[in-house]
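First comes the structure, then the notes that go with it.
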2 protein chains.
Amino acid sequence: MSNRRDAVHAILRQSEGFRSAQDVYAEMRAEGAKIGLTTVYRALQALADTGHVDVLRTDDGESVYRACASGDHHHHLVCRRCGRTVEVAGPAVERWAETIGSEHGFTEITHTLEIFGTCASCATAAKPLRTPSRA
Amino acid sequence: MSNRRDAVHAILRQSEGFRSAQDVYAEMRAEGAKIGLTTVYRALQALADTGHVDVLRTDDGESVYRACASGDHHHHLVCRRCGRTVEVAGPAVERWAETIGSEHGFTEITHTLEIFGTCASCATAAKPLRTPSRA
DNA sequence: CTGATTTTGACAACCGTTTTCATTTACGCG
DNA sequence: CGCGTAAATGAAAACGGTTGTCAAAATCAG
């Protein structure tokens, strides 16, 4: 029944970072899985709804998904080059957001926070900015 | 030349919160302005590029724009009901993000952070959750 | 086995955004 | 002032990710 959903979940578990729906779909097809794009979308939504995966939007409006270790509230430190992701927690930030909101009379406060950077591997591996092709 | 861009900027300045491109376009047309949707998009992009307006993505992937008072790095406390927005700064959070990134070997660290809530006016004004229509 | 129910996926519809391209407008110069 | 070139404009088409449609397939109950 939810065989496909599990399959989708599995792909996400194998991945180091966030993956797009189309991305997951492509990989599954490449592996020979018989699945439709529609079903991948549905599976991802279902997984997101049940909190089994985290979702976030890229700058160009694409939804990307990730199977996270922790079900608790946390944020992400994402390598903008390879997509590798580290889960981070910041209790102080949570409190800060809550406080700021209250101070301005806001209630039911939530927040979104993501940190982007270039991870160590990518920083050493690819430094095409120095010596571009200067013989 | 950049007459249209100024007009778009003006609309944004009049607004309390973030507005979508289509939204701005609709208002300008309603006011009788002769402008095309394409130009509104171009104007918004230009304004965003030059840092005159802030951009963020809504949950459903729409880009929304706002003319912000400060050109410095800051975040937003947004009312999820009426869209009213307060600019907030959190030096501690900036440092925290930077630190977290470094600790994990990441460089060129940036971050995104938005706080959402229900503002005081909206909280008192609309409480349709109680007595929905229970005669 | 048979009929009802759910899941699936090919395909079309959607929607915000971007591109294309012909037209218009603005500007510099003779 | 007139003309040519360059920039700006906008209608319409293209695009890309996502969602809806609906009939076929798989699953389940009796």
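To find a chain, count down the sequence lines: A is the first, B the second, and so on, and within it residues start at 1.
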Problem - B/Glu16/B/Arg66 salt bridge by N-O under 4.0 Å criterion - result: no
Problem - Distance, rounded to the nearest Å, where B/Asp60 contributes CG and D/dG16 contributes C1' - result: 16 Å
Problem - Interatomic distance where CZ belongs to A/Arg57 and P belongs to C/dG16 [whole Å] - result: 12 Å
Handout entry: Residue-phosphate contact under 4.0 Å: A/Arg4 side-chain N/O, C/dG9 OP1/OP2
Key = yes
Practice task
Please confirm whether the backbone N or O of A/Cys68 pairs with a side-chain atom of A/Arg13, one donor and one acceptor, at under 3.5 Å?
Solution key: no
Exercise for the section: Return the value, rounded to whole Å, for the distance between atom CZ of A/Arg5 and atom P of D/dT27. Expected result: 15 Å
Practice task
Nearest whole angstrom, please: distance from the C1' of D/dA26 to the CG of A/Asn3.
Solution key: 12 Å
Practice task
Output all residues satisfying side-chain contact (heavy atoms from CB on, under 4.5 Å) with A/Thr38, sequence neighbours left out; order by chain, then residue number.
Solution key: A/Arg42
Problem - Under 3.5 Å donor-acceptor, B/Arg95 side chain and B/Gly90 backbone - result: no
Problem - Sequence-distant partners of B/His9, ring-ring contact (aromatic ring centres under 6.0 Å, His included), two or more places apart - result: B/His52
Handout entry: Nearest-angstrom distance from the residue atom CD of B/Gln22 to C1' of C/dC15
Key = 8 Å
Exercise for the section: Take the protein atom CZ of A/Phe18 and the nucleotide atom C1' of D/dG17, then report the distance between them rounded to whole Å. Expected result: 18 Å
Practice task
Answer with base, sugar-phosphate or nothing: what part of the nucleic acid does B/Ser20 contact at a heavy-atom distance below 4.0 Å?
Solution key: nothing
Problem - Near-ring test A/His111/B/His76, centroid separation under 6.0 angstrom - result: no
Fill in the blank from the handout: Contact check, residues 23-52 of chain A vs DNA chain D, heavy-atom distance under 4.0 Å, returns A/Thr38, A/Tyr41, A/Gln45
